[in-house]
Number of protein chains: 2
Amino acid sequence: MVRTLPNVSEQAARFTLVREAHKTEATEDYVELIDDLISVNGEARLVDIASRMGVTQPTASKTLARLQRDGYVNSEPYRSIFLTQMGKDLADESRFKHEVVFQFLLTIGVSKEAAKRDSEGMEHHVSDETLKAFKKIIRKHQAR
Amino acid sequence: MVRTLPNVSEQAARFTLVREAHKTEATEDYVELIDDLISVNGEARLVDIASRMGVTQPTASKTLARLQRDGYVNSEPYRSIFLTQMGKDLADESRFKHEVVFQFLLTIGVSKEAAKRDSEGMEHHVSDETLKAFKKIIRKHQAR
DNA sequence: TTTATAATTTAGCCTTGGCTTAGTTTATAC
DNA sequence: GTATAAACTAAGCCAAGGCTAAATTATAAA
């Protein structure tokens, strides 16, 4: 039972941080997927991005326009999508986090399916400190 | 290095699930905070909800109107806010998840500050299965 | 009891990220 | 080499959730 309240400005700062993380989530998910598509298929097509993100093509198209505006991707009309260096860097960072969270969940006994689902949402809310703690536990488990 | 892609429809389903979780996040954060304010202050005022959520009063007011429309809270104009049974139930569930994630992070050695920050974002993306795994580890640690 | 201040609401604006429908371009198949 | 299909874009709608500025109501102080 909670019978005290945290400091006002600290609590506000935490909520603000979570909201900021949300704003970058779509970007991270898109660049990570685009990078995967390029490495597996040789290119990233809108149709594949949309179907894998589970959205319609116009929705994916609009999001990609924003990513291009913000400097994460490049593309010519009707052509496949490329990552800028910034986009590639973000994709790498994002995939790394995603992978650590996924492996961590497996390590503590979560099923593969649940680990896949949960890591997709959790990866965006895990600080470097928590990531470090996760890595340590993975390492310890591998050493056995 | 990822050199394979997951099944299309399963990947799409996971992203869709995360997006759905996002839609309920604000609701969960608000009802949890309102419940805390009521238990500590005796009532939940808009001014306190707004300052603790880190948003302006009009933003909080609009969100509360939505929560009322959706049956989570009740309030008369210019009066403090009450939770419906549905709101209270969601608050309890939400606080429970929040608390388990927070305690889990502490258990694996994350600092109190980082645990507070991360649990705020993570609580909305943790499945029952993962929550169970977290609880098991907390229990094991307490037994020592 | 009036007045000043604080709390709340209203109105209006913006961005994101969904959608559908319709049009255009590119690729494919015959 | 043209017709059809597939991919993509354009236009327009919606809800959520931010904001500011202005109006209203409630509360506190003189």
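Computed over heavy atoms, backbone and side chain alike; hydrogens, waters and symmetry mates excluded. Lettering of chains follows the sequences in order, A, B, ..., and the numbering in each one begins at 1.
B:Glu43 places its CD atom 9 Å from the P atom of C:dT8, with the value rounded to the nearest Å. A straight line from CD of B:Gln68 to C1' of C:dT8 spans 14 Å, rounded to a whole angstrom. Rounded to whole Å, atom C1' of C:dT26 lies 14 Å from atom CG of A:Leu46. Across the protein-nucleic acid pair, B:Leu64 atom CG and C:dA7 atom P stand 16 Å apart, rounded to whole Å. One atom, CD of A:Glu76, and another, C1' of D:dA7, lie 16 Å apart when rounded to the nearest Å. Atom CZ of B:Arg45 and atom C1' of C:dT5 are 14 Å apart (whole Å). Between the CE atom of B:Met53 and the C1' atom of C:dT8 there is a distance of 18 Å, rounded to whole Å.
Nearest heavy atoms, A:Met53 versus B:Arg19: O-NH1, 2.9 Å. Shown here for A:Ala114 and A:Val110, the closest heavy-atom pair between the two residues is CB-CG1, 3.6 Å. The two residues A:Val73 and A:Leu64 come nearest to each other via the heavy atoms CG2-O, 3.8 Å. Minimum heavy-atom separation, B:Arg66 to B:Ala26: NH2-CB, 3.9 Å.
B:Ser119 contributes a side-chain N or O that, together with a main-chain N or O of B:Ala115, makes up a donor-acceptor pair within less than 3.5 Å.
Taking the six-membered ring where the residue is Trp, A:Phe134 and B:Phe104 present tilted rings, their angle falling between 30° and 60°.
A salt bridge links A:Lys88 with A:Asp92; the closest basic N to acidic carboxylate O contact falls under 4.0 Å.
Members clustered with A:Val8: none, using a 4.5 Å side-chain heavy-atom cutoff among hydrophobic residues.
For B:Arg79, a side-chain nitrogen or oxygen approaches OP1 or OP2 of D:dT27 to under 4.0 Å.
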If you restrict it to nitrogen or oxygen atoms, what contacts under 3.5 Å exist between nucleotides 1-3 of chain D and the protein, and what is each distance?
none

Reading 5' to 3' through nucleotides 16-23 of chain D, protein heavy-atom contacts under 4.0 Å coded B for base, S for sugar-phosphate only, - for none: SBBBBB--
Candidate pair B:His141 and B:Ile108, rule side chain to side chain contact (heavy atoms under 4.5 Å, CB included), full reasoning: CA-CA 9 Å; B:His141 188 262; B:Ile108 64 166; over 6 Å; no
